[in-house]
Amino acid sequence: MSSTTQYTRNILVIVVAGFILIILPHFIGDYYIHMATMILLYGYLGLAWNILGGYAGQFSFGHAAFFGVGAFTSTLLQLNIGVNPWIGMFLAGIAGMLLGLFIGALCFRYGLRGPYFALAMLALAEMLRLLAVQWMTVKYPLGINIPINTDSFWNFQFDKKAPYYYIMLFMTAAALYLTHIIEVKRIGSYFKAIRENEAAAESLGINLFKYKLLAMAISSFLTAMGGTFYAQYYLIVDEEAAFGVNGSIEILLGPIIGGAGTVFGPVLGAGVLECLSEVTRDVFEGYGGVHLMVYGVILVITIIFLPEGILGGLQLIFRKLKKRGRRH
Amino acid sequence: MTIPGIPLLLQAIVNGILMGGVYGLIAVGLTLIFGVMNIINFAHGAFMMLGMYATYWLYVLLGIDPYLSLLLTIPLLFIVGLLIERFLIAQVLDAPGHNQLLLTLGISLFIENFAICLWSPNFRTLEIPYLQNVVNIGTVMISIPKVIAFLSAIIFTALLYYFLKKTDMGKAIRAASEEKEGALTVGINLKKIYYVAFGIGAACVGAAGTVIAPFFYVNPHVGGIFVIVAFVVVVLGGMGNFIGAFFAGLIIGLAESVGAAFVPGQVKQFIIYFIFILVLLFKPEGLFGRSNE
């Protein structure tokens with residue numbers, strides 16, 4: 001297949017998929033719109049994680065740190081000095097990015113890698129959670145409520161679910177596009193070189209510190225903006241939802257299961273997980289942690305049988321088929 | 001920040017040392033697994049939780065004394081660890097480190113949430129009449145179960161040390177952790193070493209869970225508190241360094257307890273995470289180096 005026809009085909013797929021996703025809320029009820037919004041949100045957060053974890057190979061077990069900082073930043077700015085949530089979302093991104101640059105500079109400067117970097121990030125998120133607990137038990141023991149405002153785009157508050165869905169659809173599409181750009185540009189090759197072999201990347205003249213930090217900055221900025229969306233969607237922020245370990249785990253599960261270091265993997269993974277968790281909730285009604293139990297099983301199975309995730313596994317099969325095709 | 005009086009400080013030091021011994025025992029299991037297999041076991045806390053529940057149910061349902069239940073919890077956790085290594089961990093020994101960590105994370109997610117389904121997320125406590133006493137030495141109150149836990153931790157660590165130094169199996173484990181290829185050439189079955197070491201690591205933390213159960217609450221997520229402490233202790237003691245881990249346990253126990261006397265509330269745990277990041281950044285080889293001697 002020539003590259004022009006492949007290009008046309010890709011554009012066609014994107015247009016059709018986009019069209020379906022845009023008209024979707026007119027055909028499904030609130031329950032499914034909510035589910036679709038959650039798939040998009042975790043897809044989006046997974047895409048953000050994926051830039052640092054999947055492309056640059058720095059696995060973070062504490063992305064809830066950025067998510068929580070985002071949720072708290074926009075909410076507190078809105079409550080205390082009346083900052084509009086859209087501006088708050090941008091400032092949240094900046095706050096998350098500053099935190100990312102700070103911890104990233106420390107970790108990468110001192111060469112923390114692999115599991116050690118993952119655990120340092122986990123510790124960071126837990127530290128923030130404990131600070132939030134300490135501060136909130138005095139001031140907001142029941143969580144911070146965002147006052148209900150009139151339904152308008154400017155207020156980032158809507159009576160219906162569909163507008164939230166469209167906002168998240170736009171954010172996910174933007175994150176996908178950004179990932180696509182990283183994938184095709186030189187920066188993506190730098191990230192992947194660092195992921196595959198740091199020493200080799202460095203000997204080729206890639207500035208490890210700079211590019212790891214760049215990946216961290218993009219990733220933390222996007223994740224924190226997702227935190228603002230979460231706060232505006234539920235209109236309540238509490239320390240467990242913002243900084244909890246489960247949040248960090250749910251962010252990274254999508255890309256791991258869908259395929260870390262691929263463009264569509266994180267969204268695919270988020271979709272698979274969300275559907276699974278809905279099914280298990282229905283089947284095992286009344287058992288609290290059952291969807292996390294299923295996540296555990298899925299994670300174990302993925303790591304053992306599909307270490308590159310679903311998309312990574314499919315790519316491997318396609319490559320093998322192609323090779324075989326060429327041989328004949 | 002408040003400045004505590006001398007009695008309070010003494011109390012904090014005593015509590016810190018007693019708790020530190022238990023941290024040491026938890027970390028000894030983790031560092032053994034790391035030293036031999038180079039794997040960070042995220043499910044270590046879940047194993048400890050299983051040990052605690054085993055002790056709890058044996059007491060509540062069958063009336064078995066918590067310390068007597070060690071005879072059951074240690075073999076039970078050994079088998080759990082052995083099976084998990086044999087069927088799951090063994091599959092990823094050549095995988096990148098973060099994938100190994102993700103696998104043990106998945107195992108711990110499963111075990112902890114399975115425990116919630118089975119036993120509900122409620123907090124439970126063991127109330128054993130003869131353990132409610134405290135002994136007063138001067139102004140310092142010493143709780144009996146904490147002393148027993150501390151002494152058991154020392155005994156188990158010493159037994160394990162003896163096992164590693166004197167028995168053939170122990171020597172093989174040490175050989176495997178120091179020089180894999182050498183161990184293979186002299187005919188050591190590495191696969192067997194791996195599951196035995198993993199089983200022993202799980203048994204250690206199971207024993208720690210049992211001796212903690214009489215004075216700590218039991219809950220499916222209780223392991224999460226200890227697993228991070230154990231990571232700190234293991235790194236501080238020098239990854240894979242057995243004796244280092246025990247002494248690092250004492251240091252962290254003291255730091256946590258004395259720190260809590262100065263600053264209130266959740267800060268106690270905060271200090272542990274803070275130390276963890278500092279050690280990872282500035283002293284990743286630990287205080288006592290990485291050797292196994």
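The figures here come from the full heavy-atom set of this structure, side chains too, leaving out hydrogens, waters and symmetry mates. Owing to the predicted nature of the structure, the values given are computational and were not obtained by experimental measurement.
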Which heavy-atom pair separates I107(B) from V300(A) by the least distance, and what is that distance?
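That closest heavy-atom pairing would be N-CG2, 3.8 Å.
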Specify the closest pair of heavy atoms between I303(A) and N99(B), including all atoms of both residues, with the distance to one decimal.
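Looks like CG2-O, 3.5 Å.
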Do F110(B) and Y295(A) make a side-chain contact, defined as non-hydrogen atoms from C-beta onward lying under 4.5 Å apart?
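With C-beta onward as the side chain, the pair stays apart.
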Residues in residues 120-127 of chain A that sit under 4.5 Å from chain B, counting heavy atoms only:
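A120(A), L122(A), A123(A), L124(A), E126(A), M127(A) fall under the 4.5 Å cut-off.
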Quick check for you: to the nearest 0.5 Å, what is the distance between L130(A) atom CG and Y273(B) atom OH?
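One finds 6.0 Å between CG of L130(A) and OH of Y273(B).
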Below 4.5 Å, heavy-atom pairs only: which of V235(B), I116(B), L101(B), I228(B) has the largest tally toward chain A?
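Result: the option with the highest number of such pairs is L101(B).
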At a heavy-atom distance under 4.5 Å, which candidate from L280(B), I277(B), L281(B) has the highest pair count against chain A?
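That would be L281(B).
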If you count heavy-atom pairs under 4.5 Å between each of [options] and chain B, which one has the most?
options	answer
P115(A), A118(A), P307(A), G114(A)	P115(A)
I256(A), I249(A), N246(A), V297(A)	I249(A)
V290(A), L252(A), L299(A)	L299(A)

Examine whether an atom of [X] lies under 4.5 Å from a heavy atom of chain A, and if so say whether it belongs to the side chain, the backbone or both; otherwise answer neither.
X	result
L88(B)	both
F231(B)	side chain
F42(B)	side chain

Please verify the inter-ring angle class for F59(A) with H98(B); under 30° counts as parallel, over 60° as perpendicular, anything in between as tilted.
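Correct class here is parallel.
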Where on F61(A) is there a heavy atom nearer than 4.5 Å to chain B: the side chain, the backbone, both, or neither?
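When you check distances to chain B, only side chain atoms of F61(A) fall under 4.5 Å.
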Against chain B, label L106(A) side chain, backbone, both or neither, depending on which of its atoms sit under 4.5 Å from a heavy atom there.
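Both parts, backbone and side chain.
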Between F270(B) and R129(A), is a side chain to side chain contact (heavy atoms under 4.5 Å, CB included) present by the stated rule, with each step listed?
CA-CA 9 Å; F270(B) 187 87; R129(A) 186 181 66 83; over 6 Å; no
Can you tell me if [X] has over 12 outside heavy atoms packed within less than 6.0 Å of its [atom1]?
X	atom1	result
F216(B)	CZ	yes
F247(B)	CZ	no
K283(B)	NZ	yes
F102(A)	CZ	no
D94(B)	CG	no
R124(B)	CZ	yes

